[in-house]
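Have a look at the structure below before the remarks.
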Amino acid sequence: MLILTCPCCGIAADETELENGGEAHLKRATVGSSDEAFEAYLFDRANPKGVHFERWRHAYGCGKWFLAARDTVTLEVYATYSGQTPEPPADVVKAIKAKRPDWEGTA
Amino acid sequence: MSDPVTATPDARYEGFATVTDTGPRGMITIRGEGETLVKAAKAAGVDLPDTRAVTAKGGVQLAWMSPDELLVICDYPEAPAIAAKVEKALGKDHSLVAVVSDVRQVFRVEGANADEVLRKVTPANIDALAPGEMRRTRLAQAAGAIWMPEADVYEVMCFRSVGRYMFDLLSGAARPGSELGL
Amino acid sequence: MSHRIDDAGRLIDRSKPLRFSFDGKPHTGYAGDTLASALLGAGVTMVGRSFKYHRPRGIVASGVEEPNALVNLGSGNKLEPNQRATTTELFDNLEARSQNVWPSLAFDIGVVNQAIARFLPAGFYYKTFMFPRAAWKHLFEPFIRQSAGLGKAPDAEGRDEDTYEHSYHHTDVLVIGGGVAGLTAAKAAAAGGAKVMVLEQEAHWGGRTPVEGGEIDGMASEAWIAAAVEDLAGMDNVTLRTRTMGAGVYDHGYALGYERVSDHTPGDGRPRHRLWRIRAKQIVTATGALERPLSFPGNDVPGVMLASAVRDYAVNYGVAAGRRTLVVTNNDDGYLTALVLKNLGLDVVGVVDARATATGANAERARKAGIKLMMGKAVAGVKGKRVVTGAIITDLSGKGASTDVECDAIAMSGGWSPVVHLWSHCGGKLNWDDGEAMFRPDPDRPPSGAAGEAFVVTAGAASGFLSLEKGLADAHEAGRTAAKAAGGKLTRKAAPKAAEEERQPIKPVWIMPTEAGVEKRMKMWLDYQNDVKVSDVQLAAREGYQSVEHTKRYTTLGMATDQGKLSNINGLAVLSDALGQPIPQTGTTTFRPPYTPISMSAITGEARGELFQPLRRTPMHHIHEECGVNWEPVGHWRRGYAYPRAGETVHEAVNREILNTRENVGMLDASTLGKIIVKGPDAGKFMNMLYTNVMSTLGVGKCRYGLMCSENGFLSDDGVVVRLAEDSWLCHTTTGGADRIHSHMEDWLQCEWWDWKVYTANVTEQWAQIGVAGPKARAVIEALGGMDVSKDAMPFMTYQEGELAGMPARLFRISFTGELSYEIAVPAHRGAEMWEAVAKAGEPHGIQPYGTEAMHIMRAEKGFIMIGDETDGTVIPQDLGLDWAISKKKEDFLGKRAQERSFMASPDRWKLVGLRTLDGAVIPDGAYAVGDGTNANGQRNVIGRVTSTYYSPTLRKGIAMGLVHNGPDRMGEVIDFATLDGTGTVIKAEICDTCFYDKEGAKADV
């Protein structure tokens, strides 16, 4: 039962007030994309044991989507940040690396 | 034409706290950003609320719902006029103003241990709820919002369709003998 | 035999006798008793039988770890199986029955299993119930069902009369355990300014310390406890709860507390149980330690008890386990029991100690008290079947001469294990302490929280500090640091002080005698409830089981309701020994919540009966109810399925409703349909992305049917879109789709196209909506008055806003039935009023309400699809012949790319067709069309399936739609639909057009 702080309204929300939206920072592939690229967009997911970027919606609160960087093993939350972020922000990456020097990044 | 009614007209339960349906309320949803919301608040005649705050003036309340959404709460018959006023004030600003008076209803939970009723049904931290703050959360299995218009009084807003559920839920939590004794 | 003794019993009130019954026999106990102490006090030593061999079982422990004394409590709607007598507070007229016995506790048929115990070894079930296959159904399963399970299941038709609830609590520091360690930690944390909650599972504070005596800060421990509780109770920042067990510790400081509010005062109107859902910044687990049994032959005979339990019963309840007690131990604990009994004037046969020499203060005190010490010895056998009558004593190895002693109780101590469960639930790790022979929490590997911080700290005996002095110091420090970590201060107050105790080291003895042969090892019980013996674990090891988790499941060690509180450490020590490896290498099984079983009702809380789920009601709900509606659940909504009249079946009602709508006029509560406003300069662009067809070109005041797909290309929702104004659209969704589609829209707007200027508002509940359909629909609307609804003023697929019957209203001219049809929307608070107005206005025209089933059939007659019938998440619009609603001009829309995939364009996809049975019969729901040949599994090949099938009262025969391989190319072909009646018969149906009624659409166009 996680607690994630919604960056849109500041509430430290109980997991039961949130809705999970799967992996964050996916790039939409659409008309004109190759089958491989489209397949990757629809189905390929990192599912890491460790640092993970996720989409969450404050469903029982302000209704806004936001992103969370957290560790799926230790449950440490490195950051929650705006849903309107195409890739992990530099400060979030820095915060993760400070805590997890062995982390290989998102690539 | 008769009067509009909520899903639980005149519902009232007296347990260790009292739960009452406050009747139809006028409500207007306003979506917009930045200056647009400043204009909207001005048109509604109420101060623009900070994040999660509820402001009030002259019988009109203005609640912060999300970064780009406000909710006007007023007397039921006033809503269309206030909405028209806000719409006019916003002019061509990108915005959405809609009368939503019938979407939701409001219960009042009061009494010395009114907080205990809410403690039983919401994961929100009731101790952290400040006067003038609206906490949107869930109450058992239904979405809702809670705020304190005055000490020992809580108002709970929920969707109309779950009005009966909410009343039964709050009444059950206020049943005599089930005081938490905190 | 166990009995009540004078001049002892700190927890009982002898002035308040309480009556209770066990297996129908009346007994008396006292206020303050547990059911276990009252039974022992009444001389009842045998309380049940074991699960597998139906061996006689007596009370072993005095607390939550008790494996044997499980009873059926109460009767009728109050019956609760598997209640632990040791944690059941006695109340007047308590009614308990023994479990797992048939026909009675004394004469039990299942005891025959004991005689064949040799043939019921570890893994018996796995080995036996494999073959032959047929035997499973006819022999094994009935046998297992008969003998499985412990208590009696309550009557399935009965209803629990009690109430239950949850309570959410937020605190800085949660202290689990109200013994002296918990109280010390709580005091230290509270002194640091933290908001503190303390949970104690029992009814009284202080844990076992008052039994052991001792002094804290120069006061008798009992007085110190009272003072500490008074102090804490007087502090505003402290919440104290007794009868509340810390059940589990979870992610990010979440913990569950299980409060047994009125188990001991049944019928007083309070909730029975309350589940505390706690969020704590820091959790202190002051959960104490549990004593371990010793594994000697016959250690399961009633009268063999934990040494500490024997002390507890004597000191707390004035109950002696026996008249002549033998103590057997491998550590100093046994001496404490011997001394307590001696001081109370009871006979102590002697202390059998596995250690070679008696040294230290405790041994000295025992010797001075005249207690016989038998050093380097073992109990090699227990005499007696239903109660202990004696013991056989040998050298520790079991070799050499043996001596028989007479006794009627045996107090055993195999050392102590800290209760590490709550520390471990969320990932706290353990270290094996060789000196103390215990797993203790490793403070360097704690459970971590949201910021990566340690959020659980152990205190006192739970840390592995068994002496009062060290335990208090540890608990004080735990409380201090927890307060600081939770944002408070480090208190400067000193830890409570106790005198140093001298204890001699434990000698780990995992089986006794150490060199016992197999006959003896088959009688050494590890798990009393599940009948797992030393020999079973050793057999598992011989059969190749190495993992402790596998061994647990194979042997069922620790899988009983006590979850191995007594057996786990002994079992894994035996396994380690059998595998020839050190204990830490074997490790422990995973500790999972709850710590002890909690009631299902507590988990359910208020969510039962009317509150089981939020039931969404339309504004006309009560009107439907008043006219005897037959409800259909749709999502959380209730919709009227049909409105049967007196003497009418539901089926007849549906047919009547359809015919009346087709001939006259019908009215439908359509309020549940989703209504979402989409507005903004970029709304047209957004609408074109959401829907497969073009919505941006829709004229203001016009309506258009639209389809929405997921990014995977599959049809996800449909509905009528209305252009309200130049920059705003109203999207109708399906009943179940409103919240989902609104969320879907917001997802795209917030996370992908956040630079688009579009706002949405879900106004589903703002409007009560009433469908009025049928040839006389216009006359009804005209009778309401307020709008010009003539054909010219309001053509098909248009919309207007104004007043109807004096109410503000929106009117849509759309049709889902194929008839002339309108939908009236009014503010929800006026929905009931409008419904009545329509009913009244329609009365002269024969208006009748129709339900969702009539609606479904009428749309099927028209060949209209229904999301959830024709679609199932794998169907694309093209499958349904909806190509006309898919724009070819648009560059992009959600699902477009997916629909370009080769599989989606395959000619082999099943496509929607109408189906007309040759004999007019109705094809069963979900029936499959069968083709030639069989598949790899020997099943007939399928070539299609039915998606909607009904009896059409309009056409007076069965109609259906279905997805069929190459369907549209096979018009007129007759195909076979399989039935499930087992006869192999098929229903023959001709493939036809999906529209069965008014193909030209003349009816709606009037």
Side-chain angles (χ1 to χ4, degrees), chain B residues 1-7 9 23-24 27 29 31-33 68-69 76 80 92 94-105 116 118-128 139-143 158-166 168-169 172-173 175-182, chain C residues 163 165-170 195 239 241 261-262 268-271 274 277 279 605-607 610-619 621-622 636-637 671-672 677-682 727-728 757-768 805-808 826-833:
Chain B
M1 198 169 78
S2 47
D3 290 333
V5 289
T6 65
M27 292 191 200
T29 192
R31 295 203 57 183
E33 271 167 279
D68 57 3
E69 184 180 350
Y76 188 84
K92 292 199 164 155
H94 170 43
S95 61
L96 188 160
V97 178
V99 173
V100 291
S101 308
D102 301 63
V103 170
R104 300 179 174 94
Q105 63 182 84
E116 294 191 356
L118 296 166
R119 285 175 201 280
K120 293 183 189 183
V121 297
T122 175
N125 188 351
I126 293 299
D127 295 321
L139 295 96
Q141 300 174 70
C158 68
F159 289 109
R160 189 189 198 281
S161 64
V162 293
R164 171 58 56 184
Y165 171 83
M166 190 60 69
D168 291 347
L169 177 75
R175 208 178 46 251
S178 71
E179 294 87 345
L180 297 176
L182 288 170
Chain C
T163 59
E165 63 186 24
H166 291 179
S167 180
Y168 295 84
H169 192 82
H170 300 257
K195 187 182 170 198
T239 303
R241 305 301 295 197
V261 183
S262 67
D268 72 351
R270 294 187 295 164
R274 182 179 289 134
R277 305 178 66 168
R279 283 287 187 181
E606 84 297 326
E610 282 293 303
L611 294 176
F612 174 64
Q613 268 188 337
L615 196 143
R616 296 180 74 181
R617 293 165 165 92
T618 75
H621 187 92
H622 59 285
H636 282 173
W637 291 100
S671 306
T672 58
I677 299 172
V678 176
K679 181 172 185 269
D682 294 320
D727 66 347
S728 102
K757 286 184 169 7
V758 182
Y759 285 125
T760 71
N762 185 353
V763 294
T764 300
E765 297 209 23
Q766 172 65 20
W767 305 97
M807 284 172 250
V826 291
H829 289 346
R830 298 196 184 282
E833 196 183 344

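Every heavy atom of this structure was used, including side-chain atoms; hydrogens, water molecules and symmetry mates were not. Residue numbers begin at 1 in each chain, while the letters A, B, ... track the order of the sequences.
Scanning for side-chain contact (heavy atoms from CB on, under 4.5 Å) contacts around A768(C) gives P619(C), M620(C), S671(C), V826(C), with sequence neighbours left out. The side-chain contact (heavy atoms from CB on, under 4.5 Å) check on A607(C) picks up Q141(B), T604(C), with sequence neighbours excluded.
Looking at R279(C), there are no atoms closer than 4.5 Å to chain B (heavy atoms on both sides), in backbone or side chain. Contact of R277(C) with chain B is made through the side chain alone, with heavy-atom distances under 4.5 Å. Interface remark: A128(B) contributes no atoms to any contact with chain C (heavy atom separation under 4.5 Å). Contact annotation for R175(B): only side-chain heavy atoms (C-beta onward) come within less than 4.5 Å of a heavy atom of chain C.
With rounding to the nearest 0.5 angstrom, the OG atom of S161(B) is 10.5 Å from the NE2 atom of H636(C). Once rounded to the nearest 0.5 Å, the distance linking OG of S101(B) with CD of Q766(C) reads 6.0 Å. The distance from the CG atom of D682(C) to the NE2 atom of H94(B) is 7.5 Å, given to the nearest 0.5 Å.
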Criterion side chain to side chain contact (heavy atoms under 4.5 Å, CB included) on D127(B) and K195(C), from CA distance to verdict: CA-CA 11 Å; D127(B) 295 321; K195(C) 187 182 170 198; 2.8 Å; yes
From CA spacing to verdict: side chain to side chain contact (heavy atoms under 4.5 Å, CB included), T760(C), R31(B): CA-CA 8 Å; T760(C) 71; R31(B) 295 203 57 183; 3.7 Å; yes
Go through H169(C) and L182(B) one step at a time and tell me if the side chain to side chain contact (heavy atoms under 4.5 Å, CB included) criterion holds. CA-CA 10 Å; H169(C) 192 82; L182(B) 288 170; 4.1 Å; yes
List the steps and the verdict of side chain to side chain contact (heavy atoms under 4.5 Å, CB included) for E165(C) and L180(B). CA-CA 10 Å; E165(C) 63 186 24; L180(B) 297 176; 3.9 Å; yes
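Listed options T672(C), V763(C), N762(C), V758(C) were ranked by heavy-atom pairs under 4.5 angstrom with chain B; first place goes to V758(C). Counting heavy-atom pairs under 4.5 Å between each of A142(B), A7(B), S95(B), P24(B) and chain C puts S95(B) at the top. Here H170(C) is the residue among Q613(C), R241(C), H170(C) with the most heavy-atom pairs under 4.5 Å with chain B. Ranked by heavy-atom pairs shorter than 4.5 Å toward chain C, the options T6(B), L118(B), V162(B) are led by T6(B). The greatest number of non-hydrogen atom pairs below 4.5 Å with chain B, out of G680(C), A828(C), G605(C), A761(C), is found for A828(C). The choice from V100(B), D168(B), T122(B) that makes the most heavy-atom pairs within less than 4.5 Å of chain C is T122(B).
Put simply, the side chain of D102(B) does not reach to within 4.5 Å of the side chain of W767(C), judged on heavy atoms.
Summarising the geometry of Y759(C) relative to E33(B), their closest heavy-atom pair is OH-OE1, 3.1 Å, with the distance given to 0.1 Å. In plain terms, the two heavy atoms of R830(C) and D3(B) that are nearest each other are NH1-C, 4.0 Å. Nearest heavy atom pair, residue V103(B) against residue E765(C), reads O-OE1, 3.7 Å.
Counting only distance, with no hydrogens or angles, the side chain of R164(B) and the backbone of L615(C) share no donor-acceptor pair below 3.5 Å.
When ring centroids are compared, Y76(B) and H829(C) come within the 6.0 Å threshold.
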